[in-house]
Every structure is written in structure tokens, then in C-alpha cells.
Chemist: 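Below: one structure in C-alpha cells.
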Amino acid sequence: MKMSYRAAAGLLAFVLLASLLAPLLAPYDPNQINMAQRLAPLSSVHWLGTDTLGRDVLSRILYGGRVSIVLALAVTLATMLVGLLLGTISGYAGGWIDEAIQIVVSIFQGLPGLALMLAIAGTLGPGVKSLFVALLFTSWADFSRVVRGEVMKIREESYVEGTRALGAGHVYIIGRHMLPNLLGPLIVLFTIRIGRVILSIASLSFLGLGLQPPAADWGVMVNDARPYFRSYPHLMIAPGLCIAAVSLCINWLGDGLRDKLDTRTEKEHSLL
Amino acid sequence: MLEIIELHKRYRSNWLTGRGHQAVEPATFHIAEGESLGLVGESGSGKSTLARLLLKLISADGGRILYKGTDISGYSLKQMRPLRRELQIMFQHPHSALNPRRTLLDSLLEPVLLHRIMNKAAAREKALALLDVVGIRAELLPRYPHQISGGQIQRIVIARALMLEPKFLVLDEPTSMLDVSVQAQVTQLLQRIRKEFGLTYLFISHDLELVRHMCDRIGVMKEGRIVELDESERIMERPQHPYTKQLVNAFQAFKQ
């Protein structure tokens, strides 16, 4: 693997570890309000300063990573499973099964994402659960489209027909021949998607549909800091930088993994 | 050995209007045990479709397939399974013939492991013996398909088919994507194997010279229809159908 991939993996591991160990590492309680210390600048007492309510920004970032990353991972995994299942069935079966699934997919792709999310949040009430459902509803369709396309491409390869000629069943063909060849594109999709989901969580929290303000979350923190950006930019820069860095690292890592998993590009990359 | 009666297939492009095209017109012929039957015709004439129909890789619209006297046209996937060992197919494109993510060894062992005929050690031994037959060095086995040449892949594919000890082999333009010199080697190998293992071939090609060389009888296909089917020499010397005449003349002119 190239150096940049290692650096990305290292940084990501660092952020994940720091988030997981937040209770041990955080110098303060992330929700501890201290009006005497509000909007403190960076100092040895508060490394990243404090926000409008005097809460320690570093502690909030450490705790906030847990919510953002864990939720994004869960949402993306769920999206991928649904998309993979329906996309594979659709692409492999073809015929009327494919057409029926594609009608549903088109409906979901045609629905305006934000309006659907508002409706879901309105019915379920804002919170982690409605965030999860809303993100799943609005993104599985794209995922299944890509999977379907890949499956249709692989289905036409001689080795798939050859395996059928050997007498293999559908489950065997999908499991042994299709999924391993889908892995590369899936990982790329996963990384693109997870970066976007982290941003979506942030923007939904801004609309009051996701995580509620007292919770420490990067998206919530960016939005909280918005009115004070001119005078106290560090309040927005710190969580904003975390969001950007994590999405970027995941994308880089995805590129690296894809190259590593693709047996065909192995040679070219060892030359780099 | 294999008898086809009125086997046909139509592809519908629009299920509302029923528009489509007849890929294979009702075809009737037989292939005797140990025989090599050639199928020639231009691209899109239905040669490959017909071959896939008689192996039941695609479902026919009608007609019957008799294998060793038994009607197998109504067989389910499960019923076909034991027969799959005896009926094998080899494809045109070497670069997509093997799963790119599996080593050559894995691909070679797959057929026998899938059918649970023998354990891995025995399968390995058999694979090595067959590699010797097709002229591939065992050092290539840990490699991936993209790391070896097209000719080598086709040899591996032949060995892979032989792992199941088939009786009948469909060869769908097995050499058309190879260099001329390699083509000759693979053709020779196919002929040798046919004798050695007592195989029956259905050989699909658009190369009349090659088919004449390889096959006892030749069927000529045009627009989904078998227009003429006769012994190779007779097709070449005294073609009856206008299309066959045209083919043979074009071929003779090319030779001079």
C-alpha cells in the first residue's frame, strides 16, 4: 500500500480510538455548563477553548466523534445490506422480478430526500432512530442500482455461465463468483457513502431532525457555533475539521483497499 | 448419443407487443457417440444459442432433447446436476473464461469439489496429471488468469472440463480469439484429447477450414436455421444449399 493510504488509516484509527476512549481521555464532562468560563480562548486549561455555555470543546469533540462515526457506520452498513440484497436479486434474476424491483427503486429515487426525511422525523419524532430510518430510506435505492449494474455485468462473463454448466446452484454462483467480484466496487461505494452520511447527519441535526442540541455531536457543534463564527471561529473550525478529515481519510482508505483487492492492478501498484 | 427434435427459441424484445426475433428455428439433428459435429455460420446465425439450448443453459421454447435415449428437456436444475458432469462447454473468450479473483488451481479444482467426487488432495493429484496432458507447467497454478496468456488459459479450461471426465464437449469457437500459431496448437490438443478420452464434440466456428479439419459432419446455419447438414467432405465438394455454395466458394477463392 502507498504511504497516503497508511497515513489515512492511521489517522482514522487515531480518531476512532480517541472517540472510543472519550470517557478516559476527555478532561471535562462534555455537557458540563460553566457560565464563568464561556467562550474561553485556547489555553492550557481548555485546549480547544469553551463554547457559548462554557462547555469544553475538546471533550465535546471526543464524545461527538462516537455519535457521528458509529451512527454513520451503522446507517451505511444497513444501506449497503439492503442495497446489496435487492440489487443482487434484481440483477441476477432479471425479467419481471428485475422490473418490479426497479419500479420501487425508481419511486424511492424520485422522492425528494429532504421532504421524506422531514416526514419521517415528523412521524417518529426527532432523534437517532428517525435519523437512521430517514437516511436508510433515502439512500438504499442508489446503492442497489449500482450493485444491479455490476451484477448484470458479471452475469454475462463466461465463467458464470461455465459454472452453471458445471451444475452449480444460484446461491453458489452468487456467493462464490459474484460477491467476491463485487467487493471492490462495494468498498468504494461504502467509503463515498459514509463520508456523505456524516455530512447528512450534520445537516439533519442542523434542521432539528437529528441529534438534539445538548448531545455532543460534530454536526450539532458546527451549527451551534454558527452565530459566533466571526468572533470565535475556532468553535466551528475544530469540529468542521474533524468531519472533513474523517470523510477524507475514509475515501483514501477506500481507494487503497480497492486497489489492494483488485488482483488485476496488483502488478501496476507494486511498481509505484 | 444426443438427439435434438424440433428445438427452437425466440427472443422477445417487447413482452407487450410480442415483437422479437427467432434466434433458433426448429432444429432436428443427432450427434453420434464419438463423433465430432461442426456448426458453421456467420455471427448471429444462432450457433451459440443452439449449443446453449441443447445443454439446457437457456430454456427452449419447445422441442425435445434426448440424451442417451432419455428425454431431458423437462429436467429441473437438480435433475440436470448429475448430467452436468458428462456435458461440458468451453467458451470463446479466454479472458473471461475463469474467475479473475481465483487462482488457476482453485478454478481447476472447482468442478470436482462442487460435485463432491473426491477430496482436495485427490483432486490436486488429478489436476496435476491433466495439466501434463494439456501441456501446462504446474508452476503456473498459484497464478491468476490475467497473469497467463490466452492460449494457456484455454489449455487450463480444457483440463478443467476433463476433471469431470465428460462424455460430450461443446466447443464454442475455442480458438477464434487466439493467435494463429497458438490456434494450431490448441486445435491439435483438442483432437488428441478427443481420441485419448473418447469424447464427442460439438464444434462451433465460422472457420470452414478448421471445421472441415476437426469434424466428421458439418451443419451450416443461417438466420437461426440449419440449412444443410452433411458429411464434411460432401459439404466441401458438393454443397447443395445456395448459402453453403456461397460459403464454400468464398472459402475456395480465399485459399487460392
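Just so you know, these numbers use all the heavy atoms, side chains as well, and skip hydrogens, waters and symmetry mates. Only a predicted model underlies this, so the values are computations on that prediction, with no experimental measurement involved.
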Chemist: Stepwise, does the side-chain hydrogen bond (donor to acceptor under 3.5 Å, both in side chains) test hold for T175(B) with Q154(B)?
Modeler: CA-CA 8 Å; T175(B) 58; Q154(B) 293 300 55; over 6 Å; no
Chemist: If we check side chain to side chain contact (heavy atoms under 4.5 Å, CB included) with L104(B), which of these qualifies: I136(B), I148(B), L131(B)?
Modeler: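 The passing option is I148(B).
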Chemist: Can you find a pair of side-chain heavy atoms, one from I31(B) and one from M1(B), that are under 4.5 Å apart?
Modeler: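 Heavy-atom side-chain distance check fails, nothing below 4.5 Å.
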Chemist: Residues of residues 46-74 of chain B under 4.5 Å from chain A (heavy atom pairs)?
Modeler: R52(B), L57(B)
Chemist: Among pairs that include at least one residue of residues 73-105 of chain A, which meet ring-ring contact (aromatic ring centres under 6.0 Å, His included), considering only residues two or more places apart or in two chains?
Modeler: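 ring-ring contact (aromatic ring centres under 6.0 Å, His included) check on residues 73-105 of chain A returns Y92(A)-H170(A).
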Chemist: Looking at every heavy atom in both A138(B) and P142(B), which two are closest together, and how far apart are they?
Modeler: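 Distance-wise, the nearest heavy atoms are O-CD, 4.2 Å.
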Chemist: Is R148(A) reaching over with its side chain to a backbone N or O of S90(A), donor-acceptor style, under 3.5 angstrom?
Modeler: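 A pair under 3.5 Å: no.
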Chemist: Evaluate the side-chain proximity of L109(B) to M163(B): yes if any heavy-atom separation is below 4.5 Å, no if none is.
Modeler: yes
Chemist: With chain A as the partner chain, list the residues of residues 77-96 of chain B whose heavy atoms fall under 4.5 Å from it, by residue number, and write 'none' if nothing qualifies.
Modeler: L77(B), R81(B), R84(B), L87(B), Q88(B), I89(B), F91(B), H93(B), S96(B)
Chemist: Are any of the side-chain heavy atoms of R160(B) and P111(B) separated by less than 4.5 Å?
Modeler: yes
Chemist: Rounded to the nearest 0.5 Å, how far apart are CD of Q109(A) and OG of S139(A)?
Modeler: 11.0 Å
Chemist: Within a reach of under 6.0 Å around CZ of F108(A), are more than 12 heavy atoms found that belong to other residues, nucleotides or ligands?
Modeler: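 More than 12 within 6.0 Å, yes.
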Chemist: Looking just at side-chain N and O atoms, do S106(A) and R145(A) make a donor-acceptor pair shorter than 3.5 Å?
Modeler: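 Note: S106(A) and R145(A) side chains meet the donor-acceptor criterion.
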Chemist: Does any non-hydrogen side-chain atom of F203(B) lie less than 4.5 Å from one of L169(B)?
Modeler: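 Side chain of L169(B) against side chain of F203(B), heavy atoms only: no contact under 4.5 Å found.
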Chemist: Could you check if a side-chain atom of R176(A) sits within less than 4.5 angstrom of a side-chain atom of R102(B), using non-hydrogen atoms only?
Modeler: yes
Chemist: Could you name the residues of residues 37-44 of chain B that have a heavy atom within less than 4.5 Å of a heavy atom in chain A?
Modeler: none
